[in-house]
Amino acid sequence: PLYTDMQVDEYLSFVGRARGLNGPELRRRLDWTAQACALKKVWKRPIGELSRGYRQRVGLGRGWTLATVASFRIERFPNPFSATERMWPT
């Protein structure tokens, strides 16, 4: 659940600290999450004031912050249908 009265940066910091992160490592991961989820524009706004799309991004950012805590490697894959689109011209 998202805490709608917290700001985006406070919430993601809270999540990181709850998982044992602090100091420069927490700051580095929060910076990465803000950039990867395009949250810099709303970084200091309360979650309750965000659109549904930005709330989803905050939730995604929470997951990515936790994934990086567990040292998972996150990769972006190209659109799996891009090759089939070339097979059938429109």
Side-chain angles (χ1 to χ4, degrees):
L2 297 176
Y3 296 96
T4 57
D5 58 327
M6 295 179 83
Q7 293 179 353
V8 174
D9 64 329
E10 293 173 336
Y11 176 70
L12 293 176
S13 293
F14 168 74
V15 170
R17 286 192 312 273
R19 292 294 184 152
L21 287 175
N22 56 28
E25 181 64 16
L26 175 61
R27 181 84 260 144
R28 183 184 69 78
R29 292 184 188 203
L30 290 176
D31 289 342
W32 182 87
T33 300
Q35 182 177 356
C37 297
L39 291 171
K40 290 186 182 231
K41 181 178 175 182
V42 297
W43 196 242
K44 292 288 186 181
R45 289 183 54 192
I47 296 172
E49 293 180 5
L50 301 179
S51 67
R52 184 173 181 205
Y54 272 112
R55 287 184 191 199
Q56 289 175 341
R57 289 182 190 193
V58 172
L60 180 63
R62 176 188 61 206
W64 282 14
T65 300
L66 295 179
T68 57
V69 169
S71 298
F72 289 116
R73 184 175 175 165
I74 299 173
E75 296 185 22
R76 287 185 170 176
F77 293 101
N79 180 356
F81 299 107
S82 61
T84 59
E85 290 171 356
R86 287 186 292 244
M87 295 171 69
W88 293 287
T90 55

Chemist: Compare every heavy atom of Leu26 with every heavy atom of Gly16, then report the nearest pair and how far apart it is.
Modeler: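 Scanning both residues, the minimum pair turns out to be CA-CD1, 3.9 Å.
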Chemist: Taking distance alone, no hydrogens or angles, what donor-acceptor pairs closer than 3.5 Å link side-chain atoms of residues 42-54 to residues at least two apart or in another chain?
Modeler:
unit_1, atom_1, unit_2, atom_2, d
Lys44, NZ, Asp9, OD2, 2.7
Arg45, NH2, Glu49, O, 3.1
Ser51, OG, Tyr54, N, 3.3

Chemist: Aromatic rings Tyr3 and Tyr11: how do their planes relate, parallel, tilted or perpendicular, breaks at 30° and 60°?
Modeler: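 Tyr3 vs Tyr11 ring planes: tilted.
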Chemist: Between OG1 of Thr33 and CZ of Arg28, what distance do you get to the nearest 0.5 Å?
Modeler: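 Rounded to the nearest 0.5 Å, the OG1-CZ separation comes out at 9.5 Å.
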Chemist: Could you state the interatomic distance from CZ (Arg27) to CG (Asn22), rounded to the nearest 0.5 Å?
Modeler: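 Answer rounded to 0.5 Å: 12.5 Å.
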Chemist: Please give me the minimum heavy-atom distance between Leu30 and Ser13, naming the atom from each residue.
Modeler: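 Nearest heavy atoms, Leu30 then Ser13: CD1-OG, 3.2 Å.
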Chemist: Scan residues 32-41 for pairs that pass salt bridge (charged side-chain N to carboxylate O under 4.0 Å, His left out), counting only residues two or more places apart or in two chains.
Modeler: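 Those involving residues 32-41 do not exist here.
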